[in-house]
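Notes for the one structure printed next.
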Amino acid sequence: MSREQWRSQSGFLLAAVGSAIGLGNIWRFSYLAYEHGGGAFLLPYLIALVTAGGPLLVLEYAIGHERVGSAPLAYSKIHPRWEWLGWWAVTFVMFGIVLYYTAIMSWCLNYFILSIDLGWGKDPNAYFFSGFLEVSDSPNQIGGVRGKILAGIAVAWFASWIIVYRGVQGGIERANKVMMPLLLVLTLILVAWSASLEGATVGLRAYLTPDFSQLSDPKVWIDAYSQIFFTLSLGFGIMIAYASYLPERSDITGHAVLTAGINSGYSLLAGCAVFSVLGFMAYNQGKDLSDVVTQSIGLAFVAYPTAIGLMPAGPVFGAVFFLCLFVAGLSSVISIIEAFVSAAVDKFGCSRRYLVSAVTALGFLGSIVFSTRAGLLWLDIVDHFVTHYALVVVGILECVVVGWLFSISSLRHHVNRVSTFRLARGWDWLIRLFVPGVLAVILVGDLVRELQRPYGRYSWAALIWIGWGWLLLTLLLAFTIASRPWRTNHRALGGRSSPEATDAG
Ligand code: PHE
């Protein structure tokens, strides 16, 4: 069975950018920037991009391309014992991150419709938490499904299913060729529009003025490095799978630079729109910028609706904003469904279409808990654990496995053979020592904080059952799948470069 390929190099690039640009670029990036005082966040963010994001993106493209396989196949071709790592990556994203991610997409859809007549009323804060989500008092009080949220979740999964079902070329590549230009145009409209609002400069100044005093706060650095991971879809197994569909002659480093550059450029751009709107709102209400938003999650669903209610032609602005979020989210969701399905096809050789349908159906069922009244609380806990632990651990192990168990210099030679600009030897050491080192420091710091006081003031029981439980369950699933025998002969085929690259050690 021959492996499907992208129709064109630009098709691959757009799909990778589509995966990278997601809710994380608008919702997560701006609230992190906001939380850390705007400009204070940009410097650590850019440093994290250059020292860890870029090098790891090259690594993921390189192993997908050289080993020709989805994450579990690629790792198992490096060393059979590490197959589980690939499964864990695709599992905790597919059955963790994406389950609540589609819930946020559903909120966006609902808010898209609400924008039309400013349906959130005079008090968007009360509306969001009490009227819309009806958040319960604790994660144990599930308290029934919210119909509108569930409906939105169903739309998100259905749209993803239609796209991935049609395959890599006919589905993912085609859809991204429409979605990405659309997203860019809509975002440019938002940026220009928000910059023209009165008071916008106040927000922009806060956003673009660096604040060096913040750099001594480790939290800023931790958030910057984890955001780079999240936003580039690193450690998700996605970029590995996408690169495995590239033809032999493909510019790996060039693609990595473009993907990372476009993705972060997009975040910076979206940040401009977000901060201009905050500036406008502060000006309009005669408040300080720091007083207009109280909660991170409230940025998109409380602060924005408030501002939309104040501006001329607000409903149109609101509709465009929430549509952007939805489209950005959709192009990311399809990438993880593909990464999981591609892994299962590589291993079991079963029908792709059947798998896409089964995985989507399971995903939808799993999302239901995030449509309940406790949904926001569960989302908060699962997001915290998955992005702080699973993602970081996979990142560390990925560097160790490729850097130490595989001939990383042969991988570099492979990259240099096909790419336009060459990787220097320093890259080996970034992967072998620097990146895992930084991630290990982050991990330890996080763990210490975790044990000192319960995250988010939830009960220890809720954190253990939901947070740690989620990690353990996905890990168990990964080990179980990895222990099943291979039904295909892909593993025997090795990689694209010379045979010595396959040596372990
Ligand atoms: N890169 C995405 C973002 O920034 C993260 C993501 C990718 C989430 C794929 C889910 C699936 O939003």
Side-chain angles (χ1 to χ4, degrees), residues 14-33 45 48-49 53 56-57 60 70-71 89-108 153 156-157 159-161 163-164 172 175-176 179-180 183 187 223-242 256 259-271 274 297 299-300 324-343 359-360 363 366-367 370 379 382-383 386-388 390-392 394-395 474:
L14 281 178
V17 165
S19 173
I21 296 184
L23 299 176
N25 295 62
I26 311 173
W27 156 75
R28 215 161 185 277
F29 174 81
S30 359
Y31 87 61
L32 286 177
Y45 174 83
L49 173 68
L56 259 177
L57 187 59
E60 294 210 348
S70 58
V90 292
T91 308
F92 78 72
V93 185
M94 181 64 220
F95 296 109
I97 295 182
V98 176
L99 304 189
Y100 62 79
Y101 203 80
T102 45
I104 304 176
M105 285 170 66
S106 157
W107 305 349
C108 297
I153 291 179
W157 280 109
S160 316
W161 174 76
I163 297 173
V164 188
I172 298 180
N176 276 303
M179 288 196 286
M180 288 304 107
L183 186 62
T187 309
D223 281 348
Y225 274 89
S226 16
Q227 173 61 11
I228 282 295
F229 253 74
F230 190 84
T231 189
L232 284 176
S233 306
L234 293 172
F236 288 24
I238 295 173
M239 296 311 193
I240 301 180
Y242 270 12
T259 314
I262 297 174
N263 174 63
S264 290
Y266 182 86
S267 274
L268 296 177
L269 201 66
V274 169
I297 194 115
L299 190 57
C324 273
L325 274 167
F326 185 81
V327 172
L330 185 60
S331 59
S332 297
V333 172
I334 58 177
S335 71
I336 186 62
I337 300 182
E338 179 58 40
F340 192 92
V341 166
S342 144
V359 165
T360 313
S367 290
F370 297 102
L379 184 160
V382 177
D383 177 63
V386 168
T387 54
H388 282 75
L391 205 55
V392 177
V394 169
T474 48

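Both counts, for ligands and for their atoms, begin at 1 and track the order of listing.
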Decide yes or no for [X] and [Y]: does some side-chain heavy atom of the first lie under 4.5 Å from some side-chain heavy atom of the second?
{"X": "I104", "Y": "L379", "value": "yes"}
{"X": "F229", "Y": "L56", "value": "yes"}
{"X": "L330", "Y": "I163", "value": "yes"}

#### Entry: Any residue meeting side-chain hydrogen bond (donor to acceptor under 3.5 Å, both in side chains) with S367, in chain and number order, not counting sequence neighbours
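Partners of S367 by the side-chain hydrogen bond (donor to acceptor under 3.5 Å, both in side chains) criterion, ordered by chain and then number, come out as T102, W157.
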Starting from the N and O atoms of ligand 1, find every protein N or O within less than 3.5 Å and list the pair with its distance.
residue: ligand 1; atom: 1 (N); partner: S19; partner atom: O; Å: 3.1
residue: ligand 1; atom: 1 (N); partner: A20; partner atom: O; Å: 2.9
residue: ligand 1; atom: 1 (N); partner: F230; partner atom: O; Å: 3.0
residue: ligand 1; atom: 1 (N); partner: T231; partner atom: O; Å: 3.1
residue: ligand 1; atom: 1 (N); partner: S233; partner atom: OG; Å: 3.1
residue: ligand 1; atom: 4 (O); partner: A20; partner atom: O; Å: 3.2
residue: ligand 1; atom: 4 (O); partner: N25; partner atom: OD1; Å: 3.4
residue: ligand 1; atom: 12 (O); partner: L23; partner atom: N; Å: 3.3
residue: ligand 1; atom: 12 (O); partner: G24; partner atom: N; Å: 2.8
residue: ligand 1; atom: 12 (O); partner: Y101; partner atom: OH; Å: 2.6

### Query
Considering residues at least two apart in sequence or located in another chain, which fulfil the salt bridge (charged side-chain N to carboxylate O under 4.0 Å, His left out) criterion with E60?
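Once residues adjacent in sequence are excluded, E60 has no partner under the salt bridge (charged side-chain N to carboxylate O under 4.0 Å, His left out) criterion.
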### Results of ring pair (Phe, Tyr, Trp, His ring centres under 6.0 Å) for F95 - residues two or more places apart only
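Expected list: F340.
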